[in-house]
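For this chain, numbers begin at 1 and follow the sequence in order. Quantities reported herein were computed from a predicted structural model and do not represent experimental measurements. Indexing begins at 1, ligand by ligand and atom by atom, following the structure's order.
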Amino acid sequence: MSLAERDKKHLWHPLTQHKTHPDHLPMVRAKGALLFDEHDKSYIDGIASWYTCMYGHSNPEITERVKAQLDVLDQVVFSGFTHPPAVELSEKLIGILPGSMEKIFFSDNGSTAVDVAIKMSLQYFFNKNEKRNRIIALDNAFHGDTFGAMSVSGLSVYNGPFEEHLLRVDRIAVPEAGNIESVKARFQSLLDSGEIAAFIYEPLVQGAAAMHMFESEYLEELLSMARSHGVLTIADEVMTGFGKTGKMFASEYMNCQPDIICLSKSLTAGIAPMALTCCTRAVFEGFFDEQIVKGFFHGHTYSANPLACTAAIAGIDLLQSKGIQDGILRINRRHSEFEAHIAAHPKVNSTRVLGVIFALDLKTKTDRYGALRDKLYHFFMENGVFLRPLGNTIYILPPFVISDAELDKIYEVIERSLELV
Ligand SMILES: *Cc1c(COP(=O)(O)O)cnc(C)c1O
């Protein structure tokens, strides 16, 4: 029996309707920007395996350090113990995080990082005896699939069965030039209720909303309004963090900095699942008390796994290297050149570029997981390019180490795919 047939027997894949999409392609190895299937056909990983493997797959500068750590300390409980990789990672991160982040809380994935941020905000006010139990989130947001993260996410077609169990969330439109006055008015009236604990947002790019990009200046206005009402601001940088927008963190495009930042995805360079919820001293102090119950009683078994921490340290070292920084500038320049070339194509409605992110909207309307999306996906794969179009949006978010020839191939295959539309 083939691997694909054996897969069908026992495996249940994420985000999949198995009746209409029964087949899963076996991938057996990966190197740099390439994935290889069992027949050794290669595919350019145009989305860095969901924005994780940004330094390329199996990069020896990362794997060698993780292998060395594996023989020294594999795993240890993080309540009551600490260890060198966690301490070193915290020091490195505090050095590069925007604003005045001072404390780092570990969990396992982007969704848990968001759940932790939400619980921190709610308990922060609970500890102060302030009745603030509502959260503001942006329309079309995506913050993850656990209950808290799902509650603040806006893409709700798939959340129908859970709706009555979600947290109390007030939603506002993404602030833009055309709506900023009405968004501010609504935001102000929510703040005036005095019941808002936190405002959560994906800074500048809403990844799951098909790489929707918006300007920093209007978001910044909301952040300073929230700040003046004592509302905690939570930047979900799970996707945008670690160089993808051209700056180390998307929050750096603004002056007003968040109280809490969520990180995951490329944090560990694609080696292991791990996430961080980082916060200011003021947030931490809301839990610092003689009374034990005022502490934050949230914890995951694999918190601060030493191997994941080691991968994260190696990733940050690479991100700060000239080679990777040059790669980010090069990819951004190449994307802009491709954008100038493709924007006038009759099938293309609009294009956008930020850092290493390129997105193109087709004129045709289609469902998020509809037939055209499948057709494009299969065309890309046949041509050795892995991209996951979302509805009528085709986007690229390649590893920083992708070569110019590999980028050329992605651009060329995208251009040819427009014939199918
Ligand atoms: C992917 C993502 C999440 C969820 O992360 P998981 O690791 O998939 O749970 C949350 N927020 C944003 C912005 C994301 O892109």
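A salt bridge links K67 to E64: one of the charged nitrogens lies within less than 4.0 Å of a carboxylate oxygen.
Listed as neighbours of ligand 1 are N109, G110, S111, F142, H143, G144, E202, D236, V238, M239, K265, each bearing a heavy atom under 4.0 Å from the ligand.
A donor-acceptor contact under 3.5 angstrom links the side chains of E237 and T240, judged on distance only. No donor-acceptor contact under 3.5 angstrom links the side chains of H83 and Q69, judged on distance only. There is no side-chain donor-acceptor pair under 3.5 Å between Y302 and D108.
Residues meeting the side-chain hydrogen bond (donor to acceptor under 3.5 Å, both in side chains) test with N133, sequence neighbours left out: none.
Put simply, the residue from F296, F78, F284 that forms a ring-ring contact (aromatic ring centres under 6.0 Å, His included) with F105 is F296.
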